[in-house]
Amino acid sequence: MTVTLLPAATQAQTAPAASLASTVKAAHWRQRVLLICAPTATDAQLQKQRALLQPAGAGLTERDLLVLELPWASLPEADRSYLRQLGGSPDSFRVLLIGKDGGVKRRDTEPVAPAALFATIDGMPMRRQEMKRVK
């Protein structure tokens, strides 16, 4: 599992040995989680998604978004099983957005532009409350 921390770190970093399920559970009510699943770490769509998100680091941080890159080829079986439950597939690219409540809010089979991702998040009731508090 690779964690992309933006904007503080500009390259992907290897995550601790925690399982994907425990990482998502730890984010519950604290962070939204963006799972970027691809057959391999060199997948063209994964690289495109990374390139799309790279300049959007401030927006990701503002929306409490933890970005996880998940190349199937390097995942343990427990993480693969968990991803299948969420709607992931080992043979294709998927982007899954998990809300702070733990529910899957968006599923995509193509790289997602930050504007589309942010529009989905900004339409969530919890995010609207967060934006009111900031004003």
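All residue numbers refer to positions in the sequence shown, counting from 1. The basis for the numbers below is simple: all heavy atoms, side chains too, and nothing from hydrogens, waters or symmetry mates.
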Going by the rule side chain to side chain contact (heavy atoms under 4.5 Å, CB included), which residues pair with [X] if we only count those two or more places apart in sequence or in a different chain?
X	value
R80	W72, L75, E77, R84
A115	none
Q31	A27, L66
Q85	S81, Y82

Could I get the full list of side-chain hydrogen bond (donor to acceptor under 3.5 Å, both in side chains) partners for [X], not counting sequence neighbours?
X	result
S22	S19
Q47	none
T40	T42

Against D122, only a single residue in R63, K132, R32 fulfils salt bridge (charged side-chain N to carboxylate O under 4.0 Å, His left out); can you say which?
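With D122 as partner, R63, K132, R32 yield a single salt bridge (charged side-chain N to carboxylate O under 4.0 Å, His left out), made by R63.
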
Evaluate side-chain contact (heavy atoms from CB on, under 4.5 Å) for L53 paired with L117, printing each intermediate quantity in order.
CA-CA 10 Å; L53 293 177; L117 186 62; 4.3 Å; yes

Q45 side chain to A38 main-chain N or O, any donor-acceptor pair under 3.5 Å?
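Pair absent, no side-chain N/O of Q45 close to backbone of A38.
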
Any donor and acceptor pair, going by atom type alone, linking the side chain of R50 with main-chain N or O of L46 inside 3.5 Å?
no

Joint cluster assignment, L83 & V104, ILVMFWY side-chain distance < 4.5 Å:
yes

Joint hydrophobic cluster, M124 plus V67, side-chain heavy atoms closer than 4.5 Å
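Cluster IDs for M124 and V67 match.
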
Quick one: list whatever passes salt bridge (Lys or Arg N to Asp or Glu O under 4.0 Å) with R106, sequence neighbours left out.
D108

Using the salt bridge (charged side-chain N to carboxylate O under 4.0 Å, His left out) rule, collect all pairs that involve residues 93-105, keeping only residues at least two apart or in two chains.
D64-K100, K100-E130, D101-K105

Provide the full list of salt bridge (charged side-chain N to carboxylate O under 4.0 Å, His left out) pairs with a residue in residues 53-62, sequence neighbours left out, each pair given once.
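Checked against salt bridge (charged side-chain N to carboxylate O under 4.0 Å, His left out) - neighbours excluded - the pairs reaching residues 53-62 are E62-R127.
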
Could you check whether any side-chain heavy atom of F93 comes within less than 4.5 Å of a side-chain heavy atom of T109, counting everything from C-beta outward?
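No - every pair of side-chain heavy atoms lies 4.5 Å or more apart.
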
